[in-house]
Amino acid sequence: MPLSKILAPNFDLAMTLDSGQVFHWERTGNGFVGAIGNNAVYVEQRANSLATSGRQQEVRHYFALDHPLAEICASFPNDPVMNAAREFCRGLRIIRQPKWECLATFICSSMKQVAHIRQISKKLRERFGEARRFENQVVYSFPNPDRIGASSEKELRKCALGYRAKNLLATARHIASGEVDLEKLAQLPDVDLRARLCELPGVGAKVANCVMLFAYERLRAFPIDVWIERVLREKYFPRARKLNGARLTAFTGEYFGDHGGYAQQYLFHHARKSRAKISRKSNRAGFVTVSGVR
DNA sequence: CTCCAGGGATGAT
DNA sequence: ATCATCCATGGA
């Protein structure tokens, strides 16, 4: 299949796909295969462009190649922590994900590591989605709310969902029934959109902010998960007592500005990747771990 | 083996 | 209004 070329300066495909915002892309050959909506797509990074099997407009929109990344990064606060993350995450973009796919995936994300979320996404797709093909590879679309809603908690639990199955099922049914229209919610301002999302089972402030940032293009939305909270406490409030969630939310909303969600994603990815590297190095350098003593 | 993860809902202070 | 506890699962 012939690949078409898309100009894509200031974009790092591999880092973007590995940054914990989307969970179904897989490496193959020199690139990645995945689904954009219901279409199987292959994407490969070249020097200053992408080579892809997908429709150019669709790929450009999905990867948000129109975001003015230089301006966005320049709007971040100028402090040592943020500067290090900005440097580390060059070319990382916030993807425009389909709303239901993003919402459903993040309902499944609670108390799960990124690797687990990838497995859950894969199982949901394989069991309930539709097969699409790129050359000899099969990828699966994310099942729509009707398909998930027509399932059962028992069936969903087979996808390693655990206690999250009940929430995913209930939310799918709210949407399948037409009671909630995710597309229509896009008209609402941030505060109202967040409130409406939080009415759905399994959706709290953190998941709502992820969906706002990754699917509604609300670039101020600032999800606070365990990694970000650690960064905030250790780097921005070194010795603050009685620092609750409300105070952190107030601080991040004010301090990180109009593209706070982008700043958050850079802090998240930097923290996650650099900490993993340090612990591996420590082991290789010969530190005796507790389990090694046995 | 133990630890912990892109949390949310619920019930007790 | 804040805080503690429980909820399933599996990679590291």
Side-chain angles (χ1 to χ4, degrees), chain A residues 15-24 85 89 92 94-95 97 101-124 153-171 174 194-215 218 221-233 241-250 252 260-284 287-294:
Chain A
M15 183 159 57
T16 297
L17 292 180
D18 187 38
S19 68
Q21 46 178 322
V22 68
F23 303 92
H24 67 285
C89 297
L92 173 53
I94 303 289
I95 294 177
Q97 294 183 46
E101 175 180 324
C102 182
L103 171 62
T105 304
F106 276 95
I107 285 174
C108 300
S109 76
S110 91
M111 293 301 293
K112 277 292 184 188
Q113 296 179 344
V114 170
H116 299 153
I117 303 169
R118 291 181 62 86
Q119 290 192 345
I120 290 171
S121 169
K122 180 171 178 150
K123 287 182 180 177
L124 285 172
E153 184 178 336
K154 188 175 178 183
E155 283 298 305
L156 291 175
R157 278 178 181 262
K158 293 179 181 172
C159 300
L161 280 175
Y163 63 88
R164 304 157 194 84
K166 183 186 292 185
N167 290 331
L168 180 62
L169 182 63
T171 290
H174 281 298
R194 185 177 295 109
R196 292 298 302 278
L197 290 172
C198 285
E199 292 173 0
L200 295 166
V203 181
K206 191 271 173 182
V207 170
N209 280 321
C210 283
V211 176
M212 289 171 67
L213 178 60
F214 300 139
R218 305 302 170 99
F222 197 104
I224 300 178
D225 74 320
V226 291
W227 288 93
I228 290 295
E229 181 165 347
R230 209 148 45 209
V231 170
L232 293 174
R233 288 181 183 278
R241 290 190 308 104
K242 148 170 140 48
L243 193 60
N244 56 24
R247 285 195 55 191
L248 288 178
T249 299
T252 57
Y262 253 100
Q264 174 277 154
Q265 189 64 13
Y266 279 41
L267 292 172
F268 172 80
H269 186 66
H270 180 47
R272 221 167 63 83
K273 290 303 171 181
S274 53
R275 169 172 290 213
K277 219 173 289 175
I278 287 169
S279 74
R280 267 200 300 277
K281 266 185 195 164
S282 302
N283 287 340
R284 243 184 274 130
F287 284 82
V288 179
T289 62
V290 176
S291 61
V293 173
R294 286 180 45 82

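Order of the sequence lines fixes the chain letters, A, B, ..., with proteins taken first and strands second; residue numbering starts at 1 for each chain. Heavy-atom basis, side chains included; hydrogens, waters and symmetry copies ignored.
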Separation between the P atoms of B/dG11 and C/dA8, rounded to whole Å
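Straight-line distance between the two P atoms is 15 Å.
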Between C/dC6 and B/dG6, how far apart are the two P atoms, rounded to whole Å?
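Looking at atom P only, C/dC6 and B/dG6 are 23 Å apart.
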Side-chain (A/Gln265) to main-chain (A/Ser19) donor-acceptor, under 3.5 angstrom
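Looks like yes, one N/O pair under 3.5 Å.
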Does [X] have any side-chain hydrogen bond (donor to acceptor under 3.5 Å, both in side chains) partners at least two apart in sequence or in another chain, and if so, which?
X	value
A/Arg230	none
A/Asp225	none
A/Glu101	A/Arg125
A/Gln264	none

Rounded to whole Å, please give me the gap between CZ in A/Arg164 and C1' in C/dG10.
10 Å
Rounded to whole Å, how long is the line connecting atom CD of A/Gln119 with atom C1' of C/dA12?
13 Å
Once you round to the nearest 0.5 Å, how far does CE of A/Met111 lie from NE2 of A/His116?
11.0 Å
Heavy-atom donor-acceptor pair, A/Arg157 side-chain to C/dA8 base, under 3.5 Å
no
Who pairs with A/Phe222 by ring-ring contact (aromatic ring centres under 6.0 Å, His included), at least two apart in sequence or on another chain?
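Once residues adjacent in sequence are excluded, the partners of A/Phe222 under the ring-ring contact (aromatic ring centres under 6.0 Å, His included) criterion are A/Phe256.
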Pick base, sugar-phosphate or nothing for A/Arg230, based on heavy-atom distances below 4.0 Å to the nucleic acid.
sugar-phosphate
How does protein reach along nucleotides 6-13 of chain B, written 5' to 3' as B (base within reach of a heavy atom under 4.0 Å), S (only sugar-phosphate), or - (no contact)?
BBSS----
In the 5'-to-3' direction, what one-character label does each nucleotide of nucleotides 1-6 of chain C receive under the scheme B = base within less than 4.0 Å of a protein heavy atom, S = sugar-phosphate only, - = no such atom?
------
Can you give the dot-bracket line for DNA chain C, using ( ) for pairs inside the strand, [ ] for pairs that cross earlier ones, | for pairs with another strand and . for unpaired bases, where Watson-Crick and G-U count if both distances are under 3.5 Å?
|||||||.||||
Can you give the donor-acceptor pairs under 3.5 Å from side chains of residues 154-161 of chain A to other protein atoms, not counting sequence neighbours?
unit_1, atom_1, unit_2, atom_2, d
A/Glu155, OE1, A/Arg127, NH1, 3.4
A/Glu155, OE2, A/Lys158, NZ, 3.0
A/Arg157, NE, A/Glu153, OE2, 3.2
A/Arg157, NH2, A/Glu153, OE2, 3.3

Under the salt bridge (Lys or Arg N to Asp or Glu O under 4.0 Å) test, residues paired with A/Arg218 that sit two or more places apart:
A/Asp190
What residues, two or more places apart in sequence or in another chain, satisfy salt bridge (Lys or Arg N to Asp or Glu O under 4.0 Å) together with A/Arg233?
A/Glu229
For A/Gly162 and A/His116, take the nucleotide of DNA chain C holding the closest heavy atom to each; which residue's nucleotide lies nearer the 5' end?
A/Gly162
Not counting sequence neighbours, list each pair that qualifies as a ring-ring contact (aromatic ring centres under 6.0 Å, His included) and has a residue in residues 194-213 of chain A.
none
